[in-house]
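None of these values were measured; they are calculated from a predicted model. To find a chain, count down the sequence lines: A is the first, B the second, and so on, and within it residues start at 1.
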2 protein chains.
Amino acid sequence: MKVEEALQILKANGYKYTGKREEMIRICAAEKRYLSAKDIMERIKEQYPTLSFDTVYRNISTFVELGILEETELDGEGRYRLACSADGHHHHHVICTECGKTSSLPGCPMNVLAAVPDDFQVTGHKFEVYGTCKECIAQSN
Amino acid sequence: MKVEEALQILKANGYKYTGKREEMIRICAAEKRYLSAKDIMERIKEQYPTLSFDTVYRNISTFVELGILEETELDGEGRYRLACSADGHHHHHVICTECGKTSSLPGCPMNVLAAVPDDFQVTGHKFEVYGTCKECIAQSN
DNA sequence: TAGCAAATCAGAACAAATCCGATTTAAAGG
DNA sequence: CCTTTAAATCGGATTTGTTCTGATTTGCTA
């Protein structure tokens with residue numbers, strides 16, 4: 001997803017344009033990596049030093065609802081990255097548990113799953129492979 | 001996994017036997033369901049009304065380390081269930097997001113995954129299907 | 001450009017989880 | 001058995017990530 005596309009989605013859903021929102025999206029767009037709320041805060045403070053964490057958290061959850069950001073959880077804290085599944089076809093990621101860096105995996109296990117027990121009404125799924133990326137391995141030596 | 005087996009593992013790893021630990025394991029063994037720390041607390045209070053949450057949390061993480069409990073996360077809080085992958089072959093679950101109830105899925109996506117990008121050293125994976133179980137659907141009508 | 005709803009601020013409040021020093025207890029050895 | 005000791009537990013304070021609240025500011029539209 002591109003920054004412009006994300007802003008488009010916001011507008012289309014009746015949300016106002018603000019520089020802070022754009023900057024948040026830019027920050028996420030800048031890296032193929034899951035960022036924590038804290039990470040985003042730190043980076044945005046260069047440009048908006050007084051920004052409150054309420055704003056960051058509230059915007060993040062708006063973005064997640066609108067499908068602009070994808071969400072996961074590492075070490076008990078929420079992590080976010082610009083949605084990319086929306087772009088082409090649905091897929092999943094390998095995630096570096098050190099730095100949040102991601103890489104795409106082909107396909108989705110739901111496609112090859114023979115059957116889900118029929119006493120469950122399925123609402124979603126999560127498939128994530130965890131590991132350590134080359135950079136983080138190098139760094140720890 | 002059976003309660004006795006779990007106690008066995010504790011002993012084998014040099015942990016002491018305590019009634020509280022046994023009761024915690026019994027509580028988890030009683031249901032094919034993910035329980036929160038709070039759930040376990042509530043249930044154990046019938047027998048040990050003074051139990052502190054420190055004890056519950058510390059024992060839970062010991063159990064997770066030893067592979068007695070499996071861990072996941074729902075609504076920002078840790079959920080636990082007696083390990084069953086250890087029993088037979090490795091597998092995954094459908095999880096009811098309302099009540100934590102689980103049902104097994106056949107197979108594991110890692111087996112059919114063509115390739116993981118080689119700049120990642122894989123350390124683990126998670127595959128969970130989320131949904132609402134029959135009972136919870138009925139209850140919400 | 002006035003008015004309004006949405007967005008933001010600042011800090012209080014919250015909930016899950018962890019830490020701490022003091023006390024109790026399981027279990028191994030005499 | 002009794003003693004000893006390290007592990008386990010207690011109770012409460014603390015930390016951390018996140019959400020709420022009420023006042024203020026800011027985009028947008030008419």
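- Look at A:Arg58 and you'll find a side-chain N or O under 4.0 angstrom from OP1 or OP2 of C:dT8.
- One interatomic measurement links the two molecules: CG of A:Asn13 to P of C:dA7, which rounds to 11 Å at whole-angstrom precision.
- Taking every side-chain heavy atom of B:Glu77 into account, C:dA17 is the closest of C:dA17, C:dG11, C:dC9.
- A salt bridge links A:Glu135 to A:Lys101: one of the charged nitrogens lies within less than 4.0 Å of a carboxylate oxygen.
- For A:Thr18 and C:dT8, the shortest distance from a side-chain N or O to OP1 or OP2 is below 4.0 Å.
- Heavy-atom contacts of chain B under 4.0 Å fall on DNA chain D between two terminal nucleotides, which in 5' to 3' order are D:dA6 to D:dA13.
- In the model, A:Arg33 has no side-chain atom that pairs as donor or acceptor with a side-chain atom of A:Thr102 under 3.5 Å.
- Atom CG of B:Leu51 is separated from atom C1' of C:dT25 by 14 Å (rounded to the nearest Å).
- One interatomic measurement links the two molecules: CD1 of A:Ile60 to P of C:dT8, which rounds to 12 Å at whole-angstrom precision.
- The phosphate of C:dC9 has OP1 or OP2 within less than 4.0 Å of a side-chain N or O from A:Thr55.
- Atom CZ in A:Phe53 sits roughly 10 Å away from atom C1' in C:dC9 (whole-Å rounding).
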Which donor-acceptor pairs under 3.5 Å do the side chains of residues 106-124 of chain B make with protein atoms, sequence neighbours left out?
from: B:Thr123; atom 1: OG1; to: A:Tyr130; atom 2: O; distance (Å): 3.4

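- Among the atoms of the strands shown, none is found under 4.0 Å from any heavy atom of A:Gly14.
- When the P atom of C:dA17 is taken as reference, atom CG of B:Asn59 falls 15 Å away, rounded to whole Å.
- For A:Arg58, the side chain to side chain contact (heavy atoms under 4.5 Å, CB included) criterion is met by A:Asp54, A:Thr55, not counting sequence neighbours.
- Between the CG atom of A:Asp54 and the P atom of C:dG11 there is a distance of 13 Å, rounded to whole Å.
- Counting any heavy atom pair closer than 4.0 Å across all strands shown, A:Thr50 reaches sugar-phosphate atoms only and no base atom.
- B:Glu4 pairs by the side chain to side chain contact (heavy atoms under 4.5 Å, CB included) definition with B:Lys2, B:Arg26, not counting sequence neighbours.
- The hydrophobic cluster around B:Ile137 extends to none of the other residues, as no ILVMFWY side-chain heavy atom falls under 4.5 Å of it.
- Position along DNA chain C of the nearest nucleotide to B:Tyr15 versus B:Tyr57 favours B:Tyr57 as the more 5'-ward residue.
- What separates CD of A:Glu65 from C1' of C:dA6 is a distance of 15 Å, to the nearest Å.
- In the interface, the side chain of A:Lys16 is paired with the base of C:dA5 through a donor and an acceptor atom under 3.5 Å apart.
- Residue pairs meeting the ring pair (Phe, Tyr, Trp, His ring centres under 6.0 Å) criterion with at least one partner in residues 1-22 of chain B, sequence neighbours excluded, are absent.
- The distance from atom OH of A:Tyr17 to atom P of C:dA7 is 14 Å, rounded to the nearest whole Å.
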